[in-house]
Amino acid sequence: RFSWTSATHLEIRPLIGLAASAEMAAGSSAGPSLSGAIGAPQSAAAGDAIVRGELVDRGGRLSLVAVRRMRWGTQVLSERPVLLVEADPDIYLRAADADQSLAEMAEALGDRWRLASYVAFKQLHERKQKEFLALWGEGIESSDPLAAHIHQQNRLGADLFVKDRPEFGKLIFWTHFVLVASIFGRFGVRNPDGTRTVYALCSHVGHSCRPNAAAFSLRKGFPKGRRMLHIIATDGVPRGEEITVSDETEAILCLPKLERSQKMFRGSGFKCECRRCTEDGSKLDECIAQAIARMQTLLAVRPPTDESTKEALSCLKELDKALPFSMQIKAKAKVLLASAFTELNNRAAWQEEHRGANIVQWTGLDAEAQEQRLKDTKKLFETAAKDFEYLLGQDALGILQRMEAGYEPVRDQHKILSKYAREKERSVASSAAELNESRASQSQQPAGAGGGGAGGGGYPTAAGVTLGGMQFDMPATSGKEGLPPGWEEIFQSKRPAGDGWY
């Protein structure tokens with residue numbers, strides 16, 4: 001017996017394609033819900049392929065690179081699996097038309113998964129079998145030490161088993177058995193629902209401790225196991241850059257370099273070759289640990305204050321600079337911070353209604369601060385929702401439904417505020433247009449046409465002005481070209497005497 005040898009591919013918890021809320025589907029005017037803000041299912045979920053990357057040979061290893069610049073949230077791939085193995089091995093080993101010796105062999109082998117994967121492979125069409133085996137290309141063992149190690153262990157285990165149990169030597173084609181086991185070990189993905197899948201493109205996406213993309217598999221809908229890949233780097237990905245994902249948990253990614261390596265490879269002798277691990281990031285690792293600890297402390301402050309929320313937002317920005325990609329830990333912090341902002345706004349509203357009471361001022365009552373908090377709260381909710389979507393896939397739907405309770409009143413308040421701001425802008429623009437039109441019509445009037453003399457209406461001319469039956473001399477020109485003279489210009493030469501004017 002020998003254990004299944006596999007690479008350390010992350011078991012990414014499968015959300016793309018969150019359906020819009022019921023009110024959005026019904027065309028309600030109440031505004032989009034949080035899931036509606038995320039977006040309706042893309043066409044790829046219906047069967048259309050999306051490919052914005054290509055495989056490039058880099059040092060004997062195929063890597064997926066971007067074919068154009070892509071910003072945060074862009075979908076890179078939507079791919080069907082080449083082979084999907086169901087969670088229950090008995091589907092293949094104890095099927096009605098299966099050889100009864102397969103179940104016996106699985107018990108003797110000690111690992112039903114490998115044998116179930118081989119049976120699933122044999123059920124593919126011949127063309128699909130060739131496509132699957134082509135993943136183990138020529139020279140892969142010389143250029144990829146991990147692949148060579150996996151194949152060596154599987155080959156050794158198969159030889160020992162056949163030697164120990166010769167009655168199973170001709171039951172299956174052992175060369176293909178070893179290749180199938182090695183391909184699943186090097187390129188396979190284990191999904192949260194227990195299924196295992198291999199992909200033609202997504203299986204070549206490399207690991208990085210500073211990933212720029214995240215992937216998940218669809219558990220619902222057709223085809224089952226469709227793989228979605230999205231950009232999660234905050235600055236996006238330029239053209240030609242390698243697309244990478246994290247094969248480890250976020251808890252490991254937040255550790256210092258040495259501890260991270262020990263957790264990832266467990267003394268196997270391998271090491272991570274990603275850019276973050278090859279750089280000297282001791283100071284950066286220390287900043288990450290301090291920012292996370294400080295942010296957790298600030299978010300635990302009850303009741304929240306202006307100072308605690310402001311500092312927590314600053315810590316979140318520092319963490320974004322140190323780890324410039326979407327993370328669940330940061331998405332959770334955004335939700336907690338948005339809830340703290342909401343509590344502060346509710347307190348400010350209560351204080352405004354009870355100004356006459358002798359109360360402690362918890363937070364500022366100025367309108368600008370409350371407006372900024374409202375905008376920050378809405379942005380935090382929406383970016384956190386997107387983070388959960390790209391990282392968790394369909395599993396994020398429950399999280400978004402719980403977030404909806406806090407997001408809905410914020411959305412409604414922001415809608416009212418935006419409507420008021422638009423009306424105010426339109427009012428200002430209308431007043432400015434009327435003033436400009438009035439000035440333009442006045443500048444086009446000929447001299448004296450407006451009755452600027454004594455007894456005439458309009459603006460005074462250079463001849464003078466009559467006010468209260470008294471004539472005042474006027475300067476020849478106005479201090480501002482194209483505008484009527486001001487009161488200082490009118491009274492600068494003469495002032496009536498003895499009437500009490502100053």
Side-chain angles (χ1 to χ4, degrees), residues 1-14 79-136 147 150-151 153-203 215-227 394:
R1 298 185 179 185
F2 61 102
S3 60
W4 178 276
T5 306
S6 65
T8 55
H9 278 283
L10 173 64
E11 300 173 11
I12 300 178
R13 296 185 59 194
E79 184 183 15
R80 296 168 177 250
V82 179
L83 176 60
L84 182 143
V85 181
E86 294 290 348
D88 186 7
D90 288 340
I91 294 177
Y92 307 96
L93 303 179
R94 299 184 184 276
D97 57 346
D99 190 335
Q100 294 182 357
S101 301
L102 290 175
E104 298 176 7
M105 179 179 170
E107 294 296 330
L109 194 61
D111 194 333
R112 299 188 302 163
W113 268 108
R114 291 178 303 146
L115 190 56
S117 300
Y118 172 79
V119 176
F121 162 77
K122 297 300 289 184
Q123 292 176 353
L124 293 176
H125 188 274
E126 184 179 355
R127 178 178 57 84
K128 280 291 185 180
Q129 289 184 11
K130 292 180 179 179
E131 181 183 352
F132 181 83
L133 294 177
L135 292 171
W136 202 262
I150 291 174
H151 186 270
Q153 294 296 317
N154 286 330
R155 179 77 264 175
L156 178 62
D159 291 342
L160 291 175
F161 177 77
V162 172
K163 184 178 179 179
D164 186 48
R165 302 295 297 269
E167 65 270 23
F168 298 117
K170 295 183 179 180
L171 184 60
I172 63 174
F173 185 33
W174 287 96
T175 301
H176 280 178
F177 176 86
V178 172
L179 284 177
V180 171
S182 300
I183 290 173
F184 266 99
R186 183 65 182 92
F187 302 113
V189 177
R190 183 184 297 174
N191 300 312
D193 60 354
T195 59
R196 300 191 186 208
T197 48
V198 174
Y199 302 88
L201 294 176
C202 286
S203 292
F216 55 82
S217 300
L218 295 183
R219 294 185 290 107
K220 301 177 182 179
F222 179 84
K224 185 177 181 180
R226 177 180 286 279
R227 194 75 166 165
Q394 292 172 328

Going by heavy atoms in the side chains, are [X] and [Y] under 4.5 Å from each other?
{"X": "Met105", "Y": "Leu115", "result": "yes"}
{"X": "Phe184", "Y": "Ile150", "result": "no"}
{"X": "Leu84", "Y": "Arg196", "result": "no"}
{"X": "Val85", "Y": "Trp113", "result": "yes"}
{"X": "His151", "Y": "Leu179", "result": "yes"}

Identify, with sequence neighbours excluded, every residue that meets side chain to side chain contact (heavy atoms under 4.5 Å, CB included) alongside [X].
{"X": "Asp99", "answer": "Ser101, Leu102, Leu171"}
{"X": "Ile91", "answer": "Glu86, Asp88"}
{"X": "Ala95", "answer": "Asp97, Ala98"}
{"X": "Ala147", "answer": "Trp136, Ile140, Asp144, Arg186"}

Next item on the list: Could you walk me through whether Phe168 and Val162 pass the side-chain contact (heavy atoms from CB on, under 4.5 Å) test, one step at a time?
Entry: CA-CA 7 Å; Phe168 298 117; Val162 172; over 6 Å; no
Next item on the list: State whether Asp159 and Lys163 are salt-bridged, where the test is any N-O pair (Lys NZ or Arg NE/NH1/NH2 against Asp/Glu carboxylate O) under 4.0 Å.
Entry: no
Margin query: For Lys128, give me all partners under salt bridge (Lys or Arg N to Asp or Glu O under 4.0 Å), at least two apart in sequence or on another chain.
Written below: Glu131
Next item on the list: Using the test salt bridge (Lys or Arg N to Asp or Glu O under 4.0 Å), find all partners of Asp90 that sit at least two apart in sequence or belong to another chain.
Entry: Arg94, Arg112
Item checked: Within the 6.0 Å centroid threshold, strictly below: His176 and Tyr118 -> no
Margin query: Test of understanding: with side chain to side chain donor-acceptor pair (under 3.5 Å), list the residues that count as partners of Tyr199, not counting sequence neighbours.
Written below: Thr197, Ser217
Next item on the list: Report the residue from Leu83, Ile183, Val198, Val180 that forms a side chain to side chain contact (heavy atoms under 4.5 Å, CB included) with Ser117.
Entry: Val180
Check: What pairs with Tyr92 under ring-ring contact (aromatic ring centres under 6.0 Å, His included), at least two apart in sequence or on another chain?
Finding: none
Notebook entry, point to check: Counting only N and O atoms by type, is there a donor-acceptor contact under 3.5 Å from the side chain of Gln129 to the main-chain atoms of Leu124?
Noted result: yes
Margin query: Whether the side chain of Glu79 engages the backbone of Arg226 through a donor-acceptor N/O pair (distance < 3.5 Å, no angle test) should be reported.
Written below: no
Notebook entry, point to check: Under the side-chain contact (heavy atoms from CB on, under 4.5 Å) criterion, do Asn191 and Arg227 qualify, and how do the steps go?
Noted result: CA-CA 10 Å; Asn191 300 312; Arg227 194 75 166 165; 3.8 Å; yes
Check: Quick one: side-chain hydrogen bond (donor to acceptor under 3.5 Å, both in side chains) pairs with a partner in residues 164-174, sequence neighbours left out?
Finding: Arg165-Glu167
Item checked: Closest approach of Gly225 to Pro81 (non-hydrogen atoms, all atoms of both residues) -> O-CD, 3.8 Å
Check: Between CG of Leu160 and CZ of Arg155, what distance do you get to the nearest 0.5 Å?
Finding: 10.5 Å
